[in-house]
Amino acid sequence: MSRATYTHKFVKAFPERLEEGILYVSVEFATAAHRCFCGCGSEVYTRLSPTDWSMKFDGQNVSINPSVGNWSFACQSHYILANGRVRWADKWSRERIDLGRAIDRERKEWQFGSVTQSPPETKEKPPGPVWFGRLVNWLSGK
Ligand SMILES: [Zn+2]
């Protein structure tokens, strides 16, 4: 069942099992994580960086920008997490997704000069502990 609201939890490291309806934020790992709000059970990790997602905390609620598009999951959910509310957005067509990725790539190239290493992308990699381990490795420069 799709959710309309969520709460948040600031954590040092993510728990083994993410609870439904909670947006976990780890400043330590510069990553936010949640279980897909459509109810499909997929774990979604969103990296916080100048070219990925950003997080806003107004003292009560956490918002994530831009929208979360779970293109690699069967559900293809797309939603915006703002002020504790899940705003459901349109599903993107394959062309729109590819275009979005191309824009994203260009933005990164512009920002960093070149793309030397391809970081793990939430939308591409299977979610879960294996992928998260890779993220940790990547973040610590291994
Ligand atoms: Zn889902």
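Whatever order the structure lists them in is the order used to number ligands and atoms, beginning at 1.
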> What protein N/O/S atoms lie closer than 2.8 Å to the Zn ion (ligand 1)?
Replying inline: Cys36 SG, Cys38 SG, Cys40 SG, Cys75 SG

> Under 3.5 Å, side chain of Asn83 to main-chain N/O of Arg85, donor-acceptor pair present?
Replying inline: no

> Would you call the rings of His8 and Phe10 parallel, tilted or perpendicular, where under 30° means parallel and over 60° means perpendicular?
Replying inline: perpendicular

>> The test is salt bridge (charged side-chain N to carboxylate O under 4.0 Å, His left out); show your working for Asp52 and Lys108 and say whether it passes.
In response: CA-CA 9 Å; Asp52 291 286; Lys108 284 188 187 183; 3.2 Å; yes

> Any side-chain heavy atom of Cys40 sitting closer than 4.5 Å to one from Ser77?
Replying inline: no

> Can you find a heavy atom in the side chain of Thr51 that is under 4.5 Å from one in the side chain of Asp104?
Replying inline: no

> Are Asn61 and Tyr6 linked by a side-chain donor-acceptor pair shorter than 3.5 Å?
Replying inline: no

